[in-house]
Amino acid sequence: MGKFLVSGVLLLSGLFIFGCFEGGVLNKDLVFKNKNGDVVFSHVYHVKAAKQHCSYCHPKIFHKKFGKDKFSMHDIWQGKYCGVCHNGSKAFDAKNPKNCLRCHKQKQKGESK
């Protein structure tokens with residue numbers, strides 16, 4: 001019975017992960033509209049390249065539903081939301097003005113607003 005239960009949990013976990021990666025939210029960039037330049041968050045980078053599991057951020061730091069979290073740079077500088085990692089220890093420091101353009105993408109000449 002124990003082996004059956006473990007196999008079932010692994011199968012369901014695999015289906016969840018497969019669904020997220022294959023055409024799911026993990027293959028999509030999330031765009032946070034911002035007057036200082038839109039912020040493009042790449043799930044692919046953060047999950048695959050940075051080797052973070054979904055449960056690292058969800059639901060402890062961010063809700064699973066995009067748009068439900070409302071936060072500001074002040075929140076991030078206080079170590080909340082993106083600032084949990086982007087503090088200069090785990091990932092680049094969001095407080096450092098030299099890093100602004102790493103997240104905030106500026107529109108190029110000729111792009112529509």
Side-chain angles (χ1 to χ4, degrees):
M1 174 85 177
K3 287 182 182 179
F4 177 74
L5 180 61
V6 170
S7 297
V9 170
L10 290 174
L11 176 63
L12 289 174
S13 297
L15 289 174
F16 172 75
I17 291 169
F18 179 79
C20 291
F21 278 103
E22 298 301 319
V25 70
L26 292 179
N27 284 330
K28 297 177 183 167
D29 289 340
L30 302 178
V31 179
F32 295 88
K33 297 292 184 184
N34 188 282
K35 66 181 179 184
N36 295 317
D38 292 349
V39 174
V40 178
F41 174 84
S42 169
H43 265 114
V44 171
Y45 173 79
H46 285 83
V47 174
K48 292 183 180 179
K51 299 188 183 348
Q52 292 296 330
H53 189 271
C54 305
S55 64
Y56 185 84
C57 295
H58 302 291
K60 294 181 292 187
I61 301 169
F62 292 97
H63 287 91
K64 285 188 177 183
K65 183 173 173 64
F66 179 69
K68 193 163 185 177
D69 295 296
K70 304 294 181 201
F71 55 95
S72 67
M73 283 306 302
H74 181 72
D75 295 321
I76 294 169
W77 296 335
Q78 296 298 313
K80 300 173 188 171
Y81 301 100
C82 309
V84 169
C85 292
H86 289 279
N87 56 20
S89 295
K90 185 169 176 73
F92 67 85
D93 191 352
K95 286 184 183 179
N96 185 335
K98 293 178 183 177
N99 290 328
C100 296
L101 295 177
R102 293 182 79 169
C103 297
H104 293 274
K105 306 300 177 199
Q106 301 297 309
K107 294 197 184 305
Q108 301 299 316
K109 288 183 182 177
E111 279 188 85
S112 61
K113 295 187 180 201

hydrophobic_cluster_shared for Phe71 and Val39, side chain cutoff 4.5 Å: yes
Enumerate donor-acceptor pairs with a distance under 3.5 Å from any side-chain N or O in residues 76-84 to protein atoms, sequence neighbours excluded.
unit_1: Trp77; atom_1: NE1; unit_2: Ala94; atom_2: O; d: 3.3

Hphob cluster co-occupancy, Phe41 + Leu101, side-chain heavy atoms under 4.5 angstrom: no
Nearest non-hydrogen partners of Asn36 and Asn34, listed with the distance: N-OD1, 2.7 Å
Within one Ile-Leu-Val-Met-Phe-Trp-Tyr cluster: Tyr56 and Phe62, side-chain cutoff 4.5 Å: yes
Main-chain N/O of Phe92 paired with His86 side-chain donor or acceptor, under 3.5 Å: yes
Residues that Phe66 engages under ring pair (Phe, Tyr, Trp, His ring centres under 6.0 Å), provided they are two or more places apart: Phe32
Reported CZ-to-CG distance for the pair Arg102 and Asp93, which is rounded to 0.5 angstrom: 10.5 Å
Sole residue of His58, Gln52, His53 in side-chain contact (heavy atoms from CB on, under 4.5 Å) with Ser55: His53
For the student: nearest non-hydrogen atoms of Gly37 and Gln106, plus distance: CA-NE2, 3.9 Å
Set of salt bridge (Lys or Arg N to Asp or Glu O under 4.0 Å) partners for Asp75, sequence neighbours left out: none
ILVMFWY cluster, Tyr45 and Val47 together (side-chain gap under 4.5 Å): no
